[in-house]
Protein chains: 2
Amino acid sequence: MEASEAGRGTGGSGTAGQVWLRTPARAGRAAPPLTRERIVEEAVALLDAEGADRLTMRRLAERLGTGSTTLYWHVKTKDDVLDLALDAIFAEVEIPPEGGQGWRAGITALINGWRAVLLRHPWSAALLSRPMLGPNVLARSEFLYATLLEAGVTGPGLTAAAYGLSNYVIGSGLMQATWPTGAEREVRRAAREYLHANRERYPVLAAHGPLVADDDWETGFALGLTWILDGIEAGIARADERGPMSAGR
Amino acid sequence: MEASEAGRGTGGSGTAGQVWLRTPARAGRAAPPLTRERIVEEAVALLDAEGADRLTMRRLAERLGTGSTTLYWHVKTKDDVLDLALDAIFAEVEIPPEGGQGWRAGITALINGWRAVLLRHPWSAALLSRPMLGPNVLARSEFLYATLLEAGVTGPGLTAAAYGLSNYVIGSGLMQATWPTGAEREVRRAAREYLHANRERYPVLAAHGPLVADDDWETGFALGLTWILDGIEAGIARADERGPMSAGR
DNA sequence: ACCTGAACACCGTTCAAGT
DNA sequence: ACCTGAACACCGTTCAAGT
């Protein structure tokens, strides 16, 4: 019964296992042949090319022309590599310009960009099960919160709105990125056949089944996003009725 | 460059790697000492106790009093064990009674039950990155689709509504199950400190940060769910205006 | 400051062999 | 039909040693 040591490695200079909360320790001088950046960059390339469970310290090192143990000078664990790779792709999500086209447009743009990145790097959806605290993620969260706040979303509605939006993208991205496409299209066909064969037990699924065509993902996502935004907007309207200054409750 | 063989194991009797789509091959006679059910049950227990990355064929076998290689008689791969375990916990999600209290109440009950299960077995959230085709999952999807259909949701709105709801629970569950709690509470504190220390870069986050108290999860989830349901309901209302029989478009 | 090699304690899975 | 043991080809990570 050695189940008590659930917490991960207890880390070096920082308080906890997360990369982001640890102090950098060294500020790289002149760019050395092997840098943390190059490792992360190559990790993303490897993940894009072969998926999450083919990422190995040994294989990653090979692509970089080093031994696997060398990586551990620049990086503490494999989990660090994953955290860093996950944050790196968030840099691809464009942050909409400031005084733009109103809050709905800004948030819609951010969420759509976010979703696009998740689909461009399908492995990322599965990695989202680790707390996202990297600088690129935080910068985009900052925009989300600031825009909502500026739109008039206050108090508990603020976190609800932010979480609602985030959860929705994450869930959607996870489901779509995960769902068999391309090479695994055969699984999809087999699933449809399976549902059809068992249509007595699952009549509605067999008829209107969840194995939709590719286009439906887009419209479905957009529709759900609209619903959430409408809900947020209605909340703002109600708050305004009670007087624009009554932020408290 | 051996990156071409992306597809998983190409399976035995069925078409693809998924457990569900394969034919059972043997119908267990009198219950043997080691059954597929016992394996799955023990796997869930192990996952609950120690989390996903501590589940090992060897450790699982040890808990069952066998050698690890014996498991492969009852199960094809470790992924099968995970798929089966994931479906098993879905049996805990109660399917609301048929002619109940209206569609909103029914769906709300299902979604809340679903969420409760995800939080009771936090490892499950991370496993959701595999297509869910097990019988327990399908039975609940069937209820969801049937209820929506009965409520008057039609055409593309149906898949949008079903996916919107599913994605929302999954995203929420993933985020909350993932977010450091309990033993890893220290990470949370460190994160808050980190945000505070960098409050010049993340002013809004530092002030209204995403590191909420536990209660906020509940209210936030309920609020977002209401928004989505409102959106679905509004869609039904619009469809009814155009005449109750105009399902088509 | 950075890189290397050997080594440790594991993995998932196969397969011939037993009963 | 079910279980076992030995074996293969891997893992992540540590650490003394090199430059």
Side-chain angles (χ1 to χ4, degrees), chain A residues 2-3 5 7-13 17 19 24-39 42-43 46-47 50-85 127 130, chain B residues 2-3 5 7-13 17 19 24-39 42-43 46-47 50-85 127 130:
Chain A
E2 23 147 24
E5 23 145 39
R8 301 258 176 148
T10 32
S13 38
V19 219
R26 319 154 298 99
R29 280 275 142 256
L34 186 59
T35 63
R36 202 176 164 116
E37 287 73 36
R38 273 194 65 215
I39 293 176
E42 198 62 41
L46 179 49
L47 287 164
E50 313 191 23
D53 48 33
R54 305 261 307 178
L55 173 66
T56 280
M57 294 303 267
R58 283 174 161 93
R59 303 187 77 231
L60 178 57
E62 194 186 10
R63 284 174 77 123
L64 288 162
T66 11
S68 67
T69 65
T70 308
L71 299 179
Y72 287 89
W73 176 260
H74 303 270
V75 131
K76 199 144 186 282
T77 64
K78 182 188 176 181
D79 274 356
D80 274 20
V81 177
L82 293 176
D83 282 337
L84 291 163
L127 290 192
R130 37 189 57 249
Chain B
E2 24 150 23
E5 24 146 38
R8 301 257 177 152
T10 31
S13 37
V19 218
R26 317 154 298 101
R29 281 271 144 258
L34 187 61
T35 64
R36 204 178 165 113
E37 287 73 35
R38 273 194 66 216
I39 293 176
E42 198 62 41
L46 178 50
L47 286 163
E50 313 191 24
D53 47 33
R54 304 263 303 178
L55 174 66
T56 279
M57 294 304 265
R58 284 173 161 92
R59 304 187 78 232
L60 179 57
E62 195 186 10
R63 282 174 77 127
L64 289 162
T66 11
S68 68
T69 64
T70 309
L71 299 180
Y72 287 88
W73 176 260
H74 303 270
V75 132
K76 198 143 187 282
T77 65
K78 182 186 176 182
D79 274 355
D80 273 20
V81 177
L82 293 176
D83 282 337
L84 292 164
L127 290 193
R130 38 189 54 250

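Here is how names work: the chains are called A, B, and so on, in the same order as the sequence lines, proteins then strands, and each is numbered from 1. Nothing here was measured: the structure is a model prediction, and the numbers come from that model.
- Residue B/L71 contributes atom CG, which lies 19 Å from atom P of D/dA1 at whole-angstrom precision.
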Next item on the list: Dump the intermediate steps for side-chain contact (heavy atoms from CB on, under 4.5 Å) on B/L64 and B/T70, then the final yes or no.
Entry: CA-CA 10 Å; B/L64 289 162; B/T70 309; over 6 Å; no

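- Taking atom OH of B/Y72 as the reference point, atom C1' of D/dA6 lies 15 Å away to the nearest angstrom.
- With hydrogens and angles disregarded, no donor-acceptor distance shorter than 3.5 Å links the side chain of B/T56 to the backbone of B/R58.
- The minimum heavy-atom distance between B/L71 and B/M57, with the atom names listed, is CD1-O, 3.4 Å.
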Next item on the list: Test A/E42 against A/L60 for side-chain contact (heavy atoms from CB on, under 4.5 Å), laying out the working first.
Entry: CA-CA 7 Å; A/E42 198 62 41; A/L60 178 57; 3.9 Å; yes

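- To the nearest 0.5 Å, the span separating CD on A/E37 from NE2 on A/H74 amounts to 10.0 Å.
- Residue A/T56 is classed as a sugar-phosphate contact, given heavy-atom separations below 4.0 Å to backbone atoms only.
- In this structure, B/L64 atom CG and D/dT4 atom P are separated by 11 Å, rounded to whole Å.
- A sub-4.0 Å separation between OP1 or OP2 of C/dA1 and a side-chain N or O of A/H74 is absent.
- Shortest non-hydrogen contact noted between B/V81 and B/A43 is CG1-CB, 3.7 Å.
- Remark: P of C/dA1 and CZ of A/R36 are 16 Å apart, rounded to the nearest angstrom.
- Phosphate proximity of D/dC3 to B/W73: absent, as no side-chain N or O sits under 4.0 Å from OP1 or OP2.
- For A/K78, the listed nucleotide lying nearest its side chain is D/dT13; candidates were C/dC15, C/dC3, D/dT13.
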Note to self: Counting Watson-Crick and G-U wobble pairs with both distances under 3.5 Å, what is the dot-bracket string for DNA chain C, 5' to 3', using [ ] for crossing pairs and | for pairs to another strand?
What the structure shows: ||.|||||...|||||.||

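- The distance between atom CG of B/L34 and atom P of D/dC3, rounded to the nearest whole Å, is 5 Å.
- Taking atom CZ on B/R38 and atom P on D/dC3, their separation rounds to 10 Å, with Å as the unit.
- Taking atom CD on A/E62 and atom C1' on D/dC11, their separation rounds to 14 Å, with Å as the unit.
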Next item on the list: Under the side-chain contact (heavy atoms from CB on, under 4.5 Å) rule, what do B/R59 and B/E50 come out as? Steps first, then yes or no, please.
Entry: CA-CA 11 Å; B/R59 304 187 78 232; B/E50 313 191 24; 2.9 Å; yes

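- A straight line from CE of B/M57 to C1' of C/dC10 spans 16 Å, rounded to a whole angstrom.
- Within the 4.0 Å cut-off from OP1 or OP2 of D/dT4, at least one side-chain nitrogen or oxygen of B/T70 is found.
- Distance from the side chain of B/R58 is smallest for D/dA7 among the nucleotides D/dT13, D/dC11, D/dA7.
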